[in-house]
Amino acid sequence: MNPLRHTFTAAAIATLATALVPAHAQGVIKIGEVNSYKAQPAFLDPYKKGMELAVEEINAKGGIDGKKVELITRDDNANPGDAVRVAEELVAREKIDVLTGTFLSNTGLAVADFAKQKKIFFLAGEPLTDKMTWQGGNDYTYRLRPGTYMQAAMLVPEAVKLKKKRWAIVYPNYEYGQSAVAAFKNLLKAAQPDVEFVAEQAPPLGKVDAGAVAQALADAKPDAIFNVLFGADLSKFVREGNTRGLFKDRAVVSVLTGEPEYLDPLKDDSPNGWIVTGYPWYGIQTPEHKAFFLAYHEKYKDYPRLGSVVGYSMIKSVAAGIAKAKSTDSAKLVEAFKGLPVDTPFGRITYRAEDHQSTMGAFVGKTKNDNGKGVMVDYVYLDGAKFQPPAAEIKKARAAN
């Protein structure tokens, strides 16, 4: 036998064998992530930074069971159809091990259904509709952030204390807004049976006619307002509301408004005394948050937003799940996430077996215009575990899935 030919053949076989081994077996775990980066940059730019910080920390400690983590992101154009298309691309072309992400509730539900059909594990970081974990929940989908029911349940006790009877409501007319309003109405009515909902404005997401909306609410003469608008819609609404005196001597309860992504841009228009959920990063003194803040600030020379915490905690959750499962197999991850504890900047959270929802909580407090800058004051962190419905209700809601 020609020894040169033998050497070449052995080398060729070795090269071919290496090429046929899956990427994760060569020491890489691929996390695929789908999100609306172009449509929602205020939240998702810091969110991506939070993810990248988590990946960096994990890899600096040797990865997960010796395998490095690689993050592959795709933009879904804030469109459910595109979200499914890029999720398919991540699975088929990039050969990802785990699917994560989504921001808007409608895209989140579309990707959750994709995960169910393809039997691939999906950790949703942000979409807040209750359908993610209840009516539309499935075996392969888990969620990190507290959903609309949980956030409404945190706000309703404060709304009841206001002792206001006539309420007006404004929300973006898509899945998240509809879900948040349904939860708030049901919970407030149960706690305060004499409440009346005297006006409702539901502009399309990103297309609010703020002047007309503010005037319609003012014309209804409500005692209080429940607001679910966020982002650019919120800024326009607050500006017009201030101009028309909508908020003068009128209570406002508002989901998400205390998040720096949405409060910071208001600047001089920042309202006083709104009861909100949010993220007062400047005042959280727990050891776990201090460590996160310092690491984030050192890397980016910037302060974190809530998106930063969500992105960071989502990747840390995936890492904890894979370490517990000792595998990236989707079926094994589904089991590993049941009761999985994860340390986050907000403290330890757990993923519940009943509905695949984490116990991450939220800060509830009041807004204050502090010399032209919006901040949260009088805030407290509420543990998400205390604001979830009983297991029997969840089981009934998930029965079809």
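These numbers were taken from a predicted model, which means no experiment stands behind them.
By the 6.0 Å contact criterion, NZ on K118 is open, its count of non-hydrogen atoms from other residues, nucleotides or ligands being 12 or less. Environment of NZ in K68: crowded, with over 12 heavy atoms of neighbouring residues, nucleotides or ligands closer than 6.0 Å. Within 6.0 Å of the NZ atom in K386, the count of heavy atoms belonging to other residues, nucleotides or ligands does not exceed 12. In the displayed structure, K326 atom NZ is contacted under 6.0 Å by at most 12 heavy atoms of other residues, nucleotides or ligands. Residue K131 places its NZ atom among 12 or fewer non-hydrogen atoms of other residues, nucleotides or ligands, all under 6.0 Å distant.
The ring pair (Phe, Tyr, Trp, His ring centres under 6.0 Å) analysis of residues 212-232, with sequence neighbours excluded, yields the pairs Y176-F230, F184-F226, F230-Y262.
Defined by atom type and a distance below 3.5 Å, a donor-acceptor pair is present between the side-chain atoms of S317 and Y351. In this model, a donor atom of one side chain and an acceptor atom of the other lie less than 3.5 Å apart for E200 and Y171. Inspection of the S254 and N227 side chains reveals an N or O donor paired with an N or O acceptor under 3.5 Å. Under 3.5 Å, the side chains of R352 and Q357 contain no donor-acceptor pair of N or O atoms.
Note that NZ of K368 and NZ of K373 are 13.5 Å apart. Values are rounded to the nearest 0.5 Å. A distance of 10.5 Å separates CE of M132 from CD of E126, quoted to the nearest 0.5 Å. From S270, atom OG reaches atom CG of N371 across 11.0 Å, with rounding to the nearest 0.5 Å. Between I72 atom CD1 and T100 atom OG1 the span is 10.5 Å, to the nearest 0.5 Å.
Taking the six-membered ring for Trp, F197 and W167 have ring centres at least 6.0 Å apart. The ring of F337 has its center no closer than 6.0 angstrom to the ring center of Y140. Taking the six-membered ring for Trp, F363 and F346 have ring centres closer than 6.0 Å. For F121 and Y142, the ring centers sit closer than 6.0 Å to each other. For F292 and Y312, the gap between ring centers is short of 6.0 Å.
Note on R145 versus E259: salt bridge recorded, some NZ/NE/NH1/NH2 to OD/OE distance being below 4.0 Å. One finds a salt bridge joining R305 and D302 here, because a Lys/Arg side-chain nitrogen approaches an Asp/Glu carboxylate oxygen to under 4.0 Å. Classification of R74 and E94 as a salt-bridged pair holds, one side-chain N sitting under 4.0 Å from a carboxylate O.
Contact between A78 and L104 at its shortest, heavy atoms only, is CB-CD1, 3.5 Å. Taking all atoms of both residues into account, the shortest heavy-atom contact from G258 to M376 is O-SD, 3.6 Å.
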Exercise. Would F237 and F247 count as a ring-ring contact (aromatic ring centres under 6.0 Å, His included) if you check the C-alpha gap in whole Å, the side-chain angles of each, and the deciding distance to 0.1 Å?
Worked result: CA-CA 11 Å; F237 174 64; F247 311 124; 5.6 Å; yes
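Using a 4.5 Å heavy-atom cutoff, the side chains of V28 and K67 are not in contact.
The aromatic rings of H289 and F293 sit parallel to each other, their planes meeting at less than 30°, with 60° as the upper class boundary.
With Y303 as the fixed residue, the ring pair (Phe, Tyr, Trp, His ring centres under 6.0 Å) test singles out one of W281, Y279, Y282: W281. Applying side-chain contact (heavy atoms from CB on, under 4.5 Å) to M314 and the options T344, I31, L123 leaves one that passes, L123.
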